[in-house]
Amino acid sequence: MLLPEIREVHGWSDDKILQFMMNLPAAAAVYAGQAPVPASLPRDVTDVKFLSLAHEADADYLVTKDGRHLLRLKRYRRTRIVTPTQFLALLS
């Protein structure tokens, strides 16, 4: 997402965006994405990394627009796989 889009979507000033971006690494957790996931599960081997990370992070949600491969699973282990719209509705 580009800076003008962030401003428009969130109504944030450049200073607020910069502050958020500078604080993001400090609040982030890093995972290797090494948990084994069968490549046939998402039907697209390039999506295995997302399921692996969700498993390692013990994520509640995996948010995606990938309707062909990931969304059809609905869940992987304890992680619910949802669209951005569904995720925002769940947050409300």
Side-chain angles (χ1 to χ4, degrees):
M1 187 177 278
L2 301 173
L3 192 60
E5 292 171 347
I6 294 171
R7 267 192 237 109
E8 182 179 331
V9 169
H10 297 287
W12 290 357
S13 68
D14 289 350
D15 288 338
K16 172 112 176 156
I17 294 168
L18 180 61
Q19 179 184 9
F20 174 81
M21 297 303 293
M22 292 189 64
N23 290 328
L24 190 58
V30 178
Y31 297 92
Q34 300 299 314
V37 174
S40 61
L41 186 65
R43 296 193 305 203
D44 180 353
V45 71
T46 63
D47 290 332
V48 167
K49 61 186 169 269
F50 302 117
L51 297 174
S52 179
L53 286 168
H55 175 63
E56 282 183 24
D58 199 25
D60 294 323
Y61 299 98
L62 172 59
V63 181
T64 181
K65 287 185 173 183
D66 185 351
R68 291 186 55 215
H69 304 115
L70 292 173
L71 286 169
R72 73 172 184 80
L73 297 173
K74 296 186 181 7
R75 179 177 293 278
Y76 178 67
R77 295 184 175 255
R78 69 171 299 279
T79 303
R80 288 182 56 190
I81 303 171
V82 298
T83 66
T85 302
Q86 290 169 323
F87 183 68
L88 290 174
L90 288 164
L91 291 179
S92 299

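Worth knowing before you read on, the calculation uses all heavy atoms, side chains too, and leaves out hydrogens, waters and symmetry mates.
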> Are L91 and Y61 connected in a single hydrophobic cluster, I mean Ile/Leu/Val/Met/Phe/Trp/Tyr linked by side-chain heavy atoms less than 4.5 Å apart?
yes
> Transitively linked via ILVMFWY side-chain contacts under 4.5 Å: L70 with V48?
yes
> Looking only at atom types and distance, does a side-chain atom of Q34 sit under 3.5 Å from a main-chain N or O of A32, one as donor and one as acceptor?
yes
> Is any side-chain heavy atom of R68 closer than 4.5 Å to one of R43?
no
> Nearest heavy-atom pair of P42 and H69: which atoms, and what distance?
O-CB, 3.1 Å
> Under the 3.5 angstrom rule, does the side chain of E56 hit a backbone N or O of G33 as a donor-acceptor pair?
yes
> Could you pull out all donor-acceptor pairs under 3.5 Å where a side-chain atom in residues 14-27 meets a protein atom, sequence neighbours excluded?
from: D14; atom 1: OD1; to: R7; atom 2: NE; distance (Å): 2.6
from: D14; atom 1: OD1; to: R7; atom 2: NH2; distance (Å): 3.1
from: N23; atom 1: ND2; to: Q19; atom 2: O; distance (Å): 3.2

> V63 vs T83, test: side-chain contact (heavy atoms from CB on, under 4.5 Å). Steps then yes/no.
CA-CA 5 Å; V63 181; T83 66; over 6 Å; no
> Say whether, by atom type as modelled, one donor and one acceptor occur between the side chain of K74 and the main chain of L71 under 3.5 angstrom.
no
> Can you name the one residue among R77, R78, R75, R80 that meets salt bridge (Lys or Arg N to Asp or Glu O under 4.0 Å) with D60?
R78
> A59 and T79: which non-hydrogen atoms are nearest, and at how many Å?
O-OG1, 2.6 Å
> Checking side chain to side chain contact (heavy atoms under 4.5 Å, CB included) between D47 and each of L73, D66, L41, T64, which is the one that passes?
D66
> Quick one: closest heavy-atom pair of I81 and Y76, and the distance?
CD1-N, 4.0 Å
